[in-house]
Amino acid sequence: MLTTSAITSTYSPTRSRNFFLLLLLKKSTTVSHPTQTHAQIILNGFQNDVSTVTKLTHRLFDLKATSYARQLFLSTPNPDLFLFNVLIKFSNAHSISLYTHLRKCTLLKPDNFTYAFAIASASTLSDEKVGILLHEHAVVDGDGLDLFVGTAVVDFYLQFWRVDIARKMFDKMGMLKDGGIRLDSTTVAAVLPALAELQELILGMEVQCLVLKLGFHSYLHVLTGLISLYSKCGEIEAAKLLFGEIGRPDLVSYNAMISGYTSNGESECSVKLFRQLLGYGERVNSSTIVGLIPVFHPFGYLNLTTCIHSFCMKSGIISQSSVSTALTTVYSRLNKINSARLLFDESSEKTPASWNAMISGYTQNGLTEAAISLFQEMQISEVSPNPVTVTSILSACAQLGALSLGKWVHGLIRSKNFESNIYVSTALIDMYAKCGGIREALELFDLMVGKNVVTWNAMISGYGLHGQGQDALRLFSEIHAGLVKEGEETFQSMIHDYHFEPLPEHYACMVDILGRAGQLEKALKFIKEMPVELGAAEWGALLGACVIHKDKKLAQVASERLFELDPENVEYHVLLSNLYSAERNYRLAASVRQDVKRRNLAKIPGCTLIEIGETPHVFTSGDRSHPQASAIYAVLEELIRKMKEVGFQTETDTASHDVEEEEKELMINVHSEKLAIAFGLIATEPGTEIRIFKNLRVCVDCHTATKFISKITERDIVVRDANQFHHFKDGLCSCGDYW
DNA sequence: ATAGGGTTAG
């Protein structure tokens, strides 16, 4: 081991000698050692070497030999900035006066270390005024964004509870984390994707200024990153300008620009650039193809797709899963689900994304069963479902009303911890709402932390679907279920406050609102005064209202218009016929039905589904095919007897000479929903909620009957019909008899 | 440095 004497024995002030002294300093643990070393320094003639003295001072402070250190400082003839910094760092009470001395009595210029140490002292001394002043000095000197200074500043502001300022400083620093002016082009390029992701346009522009100042503008990586950033912020012109500045763009910058054009709706430019790239004989990669995708949506360039497809085959990049996945997506967006499936089947390596593209292709095209069966296939494969997969499957469940599968998927989500994913939880809420579980939907909604517009929409429409307009309005101040005043106000404010010209659907909404509230005359007046062409939607809304409020005269006016506007639609005939039946005017009802027959309008047969456990049971009107048919009919007969006792009247009660009508009336008692409910009563425990699904709009008689059944059997009954949900409880329905 | 599969409503 080296000793001091070993060094002094050969006197020669060289660099290496100095190095040994410093090493000794570093190793010294008590004050006596550095004092000895100090003596050696003087002996060796290093007392005027400021760098050595600074290190010694630092060491002395470390060893708490404060006064010794200060003496050393004072005895140094020309202290430099480093030495000053060390002193400022360690002498809290005197730091500020040292700083002042530095500024006023020397030619030295404070640097980022000076500010950092001085501001830290201001924190220790709890001197708010001085701290702010020092911060200002730092900013003026251009050290405001330095990482060292910034950290001290954040600390300082936090001590005075100025969280807002601290936060701002912190964010600013975060952007330039790698140390302000010491940034290099690699660092800048690395910051860009994050900024692009956050669409931080302003910060992006600041970065560009910085880049120009630092002379990085010739770096291809930085320029490419900026192109992408501007594109993502919708500033396609700025991106174009930068792209033009590149002399010879490489594949990556081409890709950035192509995808930039694509995502900004300039598909023609995008395709043009793509062709140009091909013309240069440049090898295209998967990013190029992927970046082109939204070009096909929603315009549907099938020709271009097949061209690109064959190009990918020829060049061999079709074997890359990202490429074939991209093409699968394109094909399913173009409704070419078979082409999509072919690609999927032929792809050698199936990634989770490949499966997801195919499954979501099916759900988005309404092919829910195909989606579910592919999902089951996926589970046998070695690829396991991810959040994207379950999101698509939940959407399929929602479309199908498949509650049991939906619940199973919910279990899967829990076990895989996908619950925090916003897509997943939104799809879950939607699934429950659409499958009749409005309570479960609300529970999930309430617990959810980061909701977005889609989440809210799913919940709003869920409420609307369940006839709970009040709840929807309370939560979201939206137009719903018969809340005329709010509806009118919103409508007026849309026109006058927002200068938005109402579209036909808005007029239809207003007609619906007025109609639901029974203000039929007002609705008609509204229709007549509308400045837009009257469509089937408006008249349909009015007719619906007429049926509920039993206004025959207005119904005739509305239906005549509807028969003209939409002659193929049988729904309006059914509505009118229902209205006549409800008024016991069987002659008119029959004539409407005959009219339907004469015109050969197709009627969709009604059917109702009920799930017991996981088994679905489907009933049609008068259906006797069910194994338990006799029991079902017995229960139904008994029910109707009890219902009559408490005042239920079917249309069969009224004598009628119309034979056809008699047949019809007999049929009413065996409508598919009644059969399904009767079966539900047999197949489930007393008190259990019964949930059924009807493919058409529920008829008046069944609606009334279900109200009675809910009361007599003390069961909650949920009916999902073609339009909405009906919650029957205790003899009442959530729709308020309006549907 | 560039890129892909997902939720609502209409």
Side-chain angles (χ1 to χ4, degrees), chain A residues 185-186 188-196 216 219-229 231-232 239 242-243 246 249-260 262-263 277 284-294 320-330 332-333 340 344 350-361 363-364 371 383 385-399 418 421-431 433-434 441 445 448 451-462 464-465 478 503-506 508-509 537:
Chain A
S185 68
T186 321
V188 174
V191 175
L192 293 172
L195 292 181
F216 293 160
Y219 284 84
L220 195 55
H221 288 193
V222 176
L223 277 178
T224 307
L226 282 170
I227 288 170
S228 165
L229 182 128
S231 303
K232 286 202 175 137
L242 285 177
F243 188 70
I246 306 177
D250 67 350
L251 178 60
V252 179
S253 31
Y254 259 106
N255 288 348
M257 198 60 225
I258 287 173
S259 121
T262 305
S263 53
L277 184 61
V284 166
N285 67 10
S286 56
S287 298
T288 325
I289 305 298
V290 172
L292 268 171
I293 286 186
Q320 291 176 32
S321 72
S322 55
V323 172
S324 70
T325 304
L327 280 167
T328 306
T329 311
V330 174
S332 55
R333 281 186 191 167
F344 173 78
K350 288 186 181 60
T351 60
S354 325
W355 288 91
N356 294 339
M358 199 58 233
I359 291 174
S360 72
T363 49
Q364 286 166 2
V383 179
N386 67 14
V388 181
T389 326
V390 297
T391 303
S392 287
I393 287 301
L394 285 172
S395 167
C397 293
Q399 288 179 48
F418 292 161
N421 181 301
I422 188 162
Y423 286 93
V424 171
S425 42
T426 302
L428 256 180
I429 287 170
D430 184 57
M431 185 276 293
K434 288 220 172 90
F445 183 81
M448 216 173 133
K451 305 176 181 92
N452 65 13
V453 191
V454 182
T455 319
W456 287 81
N457 284 349
M459 197 62 225
I460 291 173
S461 71
L465 219 53
E478 282 272 353
L503 298 170
E505 54 262 42
H506 295 115
C509 278

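Order of the sequence lines fixes the chain letters, A, B, ..., with proteins taken first and strands second; residue numbering starts at 1 for each chain.
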Given atom [atom1] of [X] and atom [atom2] of [N], what is their separation to the nearest angstrom?
| X | N | atom1 | atom2 | value |
| --- | --- | --- | --- | --- |
| A:Ile289 | B:dT2 | CD1 | P | 18 Å |
| A:Phe344 | B:dG4 | CZ | C1' | 15 Å |
| A:Asn255 | B:dG4 | CG | P | 11 Å |
| A:Ile460 | B:dA9 | CD1 | C1' | 9 Å |
| A:Ile227 | B:dA3 | CD1 | P | 11 Å |
| A:Asp250 | B:dA3 | CG | P | 14 Å |
| A:Ile422 | B:dT8 | CD1 | C1' | 11 Å |
| A:Leu242 | B:dT2 | CG | P | 14 Å |

Regarding B:dG6, can its base be found pairing with the side chain of A:Asn386 as donor and acceptor, where the two atoms are less than 3.5 Å apart?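 No, the side chain and the base share no sub-3.5 Å donor-acceptor pair.
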If you check every side-chain atom of A:Ala458, which of B:dA1, B:dG6, B:dT8 has the closest atom?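 The nucleotide sitting nearest to the side chain is B:dT8.
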Can you identify which nucleotide, out of B:dA3, B:dA1, B:dT7, has its nearest atom closest to the A:Thr391 side chain?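 Between B:dA3, B:dA1, B:dT7, the one nearest the side chain of A:Thr391 would be B:dT7.
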With heavy atoms under 4.0 Å as the rule, sort [X] into base, sugar-phosphate or nothing.
| X | answer |
| --- | --- |
| A:Lys451 | nothing |
| A:Ser286 | base |
| A:Ser321 | base |
| A:Gln364 | sugar-phosphate |
| A:Val424 | base |

With respect to the phosphate group of [N], does any side-chain polar atom (N or O) of [X] fall under 4.0 Å of OP1 or OP2?
| X | N | result |
| --- | --- | --- |
| A:Arg333 | B:dG5 | yes |
| A:Ser259 | B:dA3 | yes |
| A:Lys232 | B:dA3 | yes |
| A:Gln320 | B:dG4 | no |
| A:Lys350 | B:dG5 | no |
| A:Ser395 | B:dG6 | no |
| A:Thr329 | B:dG4 | no |

Candidate list A:Asn386, A:Thr328, A:Thr329, test side-chain hydrogen bond (donor to acceptor under 3.5 Å, both in side chains), partner A:Asn356, passing option: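 By the side-chain hydrogen bond (donor to acceptor under 3.5 Å, both in side chains) criterion, A:Asn356 pairs with just one of A:Asn386, A:Thr328, A:Thr329: A:Asn386.
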side-chain contact (heavy atoms from CB on, under 4.5 Å) partners of A:Asn285, counting only residues at least two apart: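 Testing A:Asn285 for side-chain contact (heavy atoms from CB on, under 4.5 Å), a comparison that skips the adjacent residues, returns A:Leu251, A:Asn255, A:Ser287, A:Thr288.
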Residues that A:Thr224 engages under side-chain contact (heavy atoms from CB on, under 4.5 Å), provided they are two or more places apart: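 A:Thr224 satisfies side-chain contact (heavy atoms from CB on, under 4.5 Å) with A:Leu220, A:Val252, A:Ser253, A:Ala256 only.
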Please report the shortest heavy-atom distance between A:Ala398 and A:Asp430, naming the atom on each side.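 Smallest heavy-atom distance, with atoms named: CB-OD2, 3.7 Å.
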Which heavy atom of A:Ala239 sits nearest to which heavy atom of A:Met257, and what is that distance?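 Residues A:Ala239 and A:Met257, closest heavy atoms: O-SD, 4.0 Å.
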Would you please say whether a donor-acceptor pair under 3.5 Å links the side chains of A:Ser354 and A:Thr351?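 Yes, A:Thr351 and A:Ser354 have a side-chain donor paired with an acceptor closer than 3.5 Å.
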